[in-house]
Protein chains: 2
Amino acid sequence: MATLSGSRPPAKTPRPKLRPDDGRLVRGRRSRARIREAARELFAERGFDGATLRAIAERAGMGASSIYRHVRSKEELLVAELADLQEEAWTRFRTEDDRSAPTRDRIQRFLDLQHEVLVESPDLTMIALRATTHTAARVARRVLALQDRTIGLLAEILQRGRMSGELSREADLLAAARTIFHLTQGSRTAWANGLQSPEACREAIDGGVAVLFSGLESPTAGH
Amino acid sequence: MATLSGSRPPAKTPRPKLRPDDGRLVRGRRSRARIREAARELFAERGFDGATLRAIAERAGMGASSIYRHVRSKEELLVAELADLQEEAWTRFRTEDDRSAPTRDRIQRFLDLQHEVLVESPDLTMIALRATTHTAARVARRVLALQDRTIGLLAEILQRGRMSGELSREADLLAAARTIFHLTQGSRTAWANGLQSPEACREAIDGGVAVLFSGLESPTAGH
DNA sequence: AACGGTTTGCGATCTTGTTCGCCTTCATGG
DNA sequence: CCATGAAGGCGAACAAGATCGCAAACCGTT
């Protein structure tokens with residue numbers, strides 16, 4: 001269920017025996033929850049850039065600087081959000097996925113779910129993308145990890161298609177998965193900038209996937 | 001040669017006859033040039049985020065606020081930079097392009113040039129990408145326009161490939177061009193975050209393009 | 001030469017994410 | 001039962017992009 005900040009494995013380096021949660025940290029956990037709730041609400045109401053940290057803090061019932069006891073940056077709040085949504089989309093896909101269906105359909109379904117989830121808040125996609133442009137930041141790595149996970153799932157689907165003989169044996173499936181993912185990401189950018197309706201965005205993605213499946217080269221041209 | 005801010009066509013709407021450049025604006029033009037030079041230098045020295053507006057202003061010999069007489073945001077300075085580089089890459093391509101060469105090679109060459117130009121400053125790609133996440137900003141539109149231009153050029157190349165019979169007649173070439181472009185953009189993000197060498201990035205792009213050309217579907221499977 | 005309008009420049013100020021130093025709370029251990 | 005030390009909180013302050021109102025420079029016109 002992906003905890004907020006870095007998870008805390010019991011041992012890693014000669015850590016001097018981290019004190020177990022003795023109940024004193026309950027207050028802190030509650031604060032974190034309040035912060036996340038306030039952030040989610042305000043992001044929805046005013047968008048990421050419109051949601052001031054001071055406003056979030058106020059709604060969470062604390063001073064602005066206190067937030068930084070629980071979160072290392074404003075973006076981290078949103079990335080936590082995104083991670084949750086992704087998780088939701090993935091589990092939904094896994095539960096209703098028919099592994100024997102045609103690969104094309106499975107990919108389609110995966111992208112549909114992804115789209116459905118992300119289309120509700122342009123901010124999420126956009127700010128996550130923005131986060132990857134702060135090359136020094138921790139959040140950038142986190143977002144890229146999420147992307148890799150998505151790409152991995154796509155590759156998995158394609159892999160099965162190869163095994164069933166639907167897909168060519170020579171094709172580089174990882175490259176294909178990456179291509180599909182980046183295509184979705186890029187198409188959504190145009191949509192989030194108000195240049196496209198969500199449907200047009202979806203169609204752009206589908207178009208790209210279609211070409212990728214059937215290939216550009218003329219079947220007659222003998223390579 | 002793409003002027004800095006919005007170009008000034010002599011007439012567009014019932015503009016009350018904009019006074020012609022009477023030489024009074026020379027000072028301004030010189031200032032603009034100084035700003036752009038200072039910005040270019042400082043971006044190269046310290047990167048986009050490291051280059052303070054106040055520092056740029058100082059090097060350009062003026063106060064920080066004065067910059068905003070010539071530029072509407074810091075990002076605009078960088079986008080101007082990017083536009084110039086793109087223009088350079090494109091003209092270089094056009095001059096040395098052999099329109100009768102195999103489509104695959106022409107695409108390859110185009111991407112090579114693009115890569116060569118962009119690989120020198122990770123900042124350019126990154127900040128341009130970041131700009132597209134500020135959905136209200138003018139620069140976002142500008143960057144998206146540049147992207148469209150690139151996609152258009154790719155589509156043009158593909159178009160010729162179809163006419164010569166190399167490429168399938170049914171394939172959606174615009175979708176393909178978009179896919180290629182977004183693939184490059186996405187791959188470069190990983191590189192700019194230090195997760196990949198420039199070569200690995202280039203290979204990732206090539207891999208994606210290869211799959212796109214040959215297609216995923218097994219040739220035996222009869223659609 | 002005086003006027004009017006426009007471009008350019010400047011310092012003060014605002015905004016907002018983030019850091020800093022200090023204080024309070026509180027379970028633990030001597 | 002008090003010292004310890006970590007977790008949480010706070011207001012002040014900082015950094016940097018951006019805005020504002022006012023002043024100077026400048027040009028064509030009267």
Side-chain angles (χ1 to χ4, degrees), chain A residues 4-6 8 15-35 38-39 42-43 46-58 60-79 127 130-131 134 136-139, chain B residues 4-6 8 15-35 38-39 42-43 46-58 60-79 127 130-131 134 136-139:
Chain A
L4 182 54
S5 48
R8 204 163 306 176
R15 196 83 78 97
K17 185 201 170 198
L18 198 51
R19 188 182 49 200
D21 185 348
D22 55 6
R24 193 171 21 174
L25 307 178
V26 174
R27 178 174 46 136
R29 237 197 314 276
R30 266 204 279 267
S31 294
R32 267 188 286 278
R34 281 208 319 276
I35 291 173
L42 281 166
F43 287 161
R46 312 184 198 171
F48 182 81
D49 292 325
T52 299
L53 255 179
R54 287 165 175 82
I56 298 175
E58 192 186 358
M62 56 173 57
S65 58
S66 304
I67 289 191
Y68 285 85
R69 288 272 179 235
H70 306 283
V71 159
R72 288 196 281 194
S73 77
K74 189 187 174 188
E75 275 172 349
E76 198 171 283
L77 280 170
L78 194 126
V79 172
I127 313 300
R130 189 191 300 176
H134 295 277
R138 294 162 293 278
V139 272
Chain B
L4 182 54
S5 47
R8 205 161 308 176
R15 197 81 80 97
K17 187 202 167 198
L18 198 51
R19 190 182 46 202
D21 186 347
D22 55 5
R24 189 169 26 171
L25 308 176
V26 175
R27 179 174 44 138
R29 238 200 311 275
R30 267 205 277 267
S31 293
R32 267 188 286 278
R34 281 209 317 278
I35 291 173
L42 280 166
F43 287 161
R46 312 183 198 170
F48 182 80
D49 291 325
T52 299
L53 255 180
R54 288 165 174 84
I56 296 175
E58 192 185 359
M62 55 173 55
S65 60
S66 305
I67 288 191
Y68 286 87
R69 286 275 179 232
H70 306 283
V71 158
R72 287 196 282 196
S73 77
K74 190 187 173 189
E75 274 171 351
E76 198 170 283
L77 280 170
L78 193 124
V79 172
I127 313 299
R130 190 190 300 175
H134 295 276
R138 293 161 293 277
V139 273

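If you're wondering where the values come from, they're calculated on a predicted model, not measured in any experiment. The sequence lines fix the lettering, A, B, ..., with proteins before strands; numbering per chain opens at 1.
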* Decide side chain to side chain contact (heavy atoms under 4.5 Å, CB included) for B/Phe43 and B/Ile127; before the verdict, give the C-alpha distance in whole Å, the side-chain angles of both, and the deciding distance to 0.1 Å. => CA-CA 11 Å; B/Phe43 287 161; B/Ile127 313 299; over 6 Å; no

* Check the distance between D/dG21's C1' and B/Tyr68's OH and give it to me in whole angstrom. => 18 Å

* **Separation of C/dG9 C1' from B/Glu58 CD (nearest whole Å)** => 16 Å

* Asked: In whole angstroms, how far is the P atom of C/dG17 from the NE2 atom of B/His134?
  -> 12 Å

* Would you say the side-chain atoms of B/Arg46 pair up with the backbone N or O of B/Ala51, donor to acceptor, closer than 3.5 Å? -> no

* Structure fact -> Separation of C/dG9 atom P from B/Ile35 atom CD1, nearest Å, is 7 Å

* Considering non-hydrogen atoms only, spot the tightest contact between A/Arg34 and A/Gly61 and give its length. => NH2-O, 4.2 Å

* Examine C/dC10: is either OP1 or OP2 under 4.0 Å from a nitrogen or oxygen in the side chain of B/Ser66? Give yes or no. => yes

* To do: May I have the distance from A/Leu53 (atom CG) to D/dA13 (atom P), rounded to whole angstrom?
  => 20 Å

* Asked: Counting only side-chain N and O atoms of B/Ser65, is one of them less than 4.0 Å from OP1 or OP2 of D/dA18?
  -> no

* Between B/Leu77 (CG) and D/dA18 (C1'), how many Å, whole number? -> 13 Å

* Any side-chain heavy atom of B/Lys74 sitting closer than 4.5 Å to one from B/Ile67? -> no

* **Flag side-chain contact, heavy atom, 4.5 Å: A/Met62 against A/Ile35** => yes

* Structure fact -> Per nearest nucleotide of DNA chain C, the residue lying toward the 5' end, A/Glu75 or B/Gly61, is B/Gly61

* Any side-chain N or O of B/Thr52 under 4.0 Å from OP1/OP2 of D/dA15? -> no

* **Rounded interatomic separation in angstrom, taking CZ from B/Arg69 and C1' from C/dG11** => 13 Å

* **Nearest-nucleotide comparison on DNA chain D, the residue closer to the 5′ end among A/Arg54 and B/Phe48** => A/Arg54

* Asked: At under 4.0 Å, does any side-chain N or O of B/His70 touch on OP1 or OP2 of C/dG9?
  -> yes

* What's the CD1-P distance between A/Ile56 and C/dG17, to the nearest Å? -> 8 Å

* Asked: Base, sugar-phosphate alone, or nothing: which one does B/Ala51 contact when heavy atoms must sit under 4.0 Å apart?
  -> sugar-phosphate

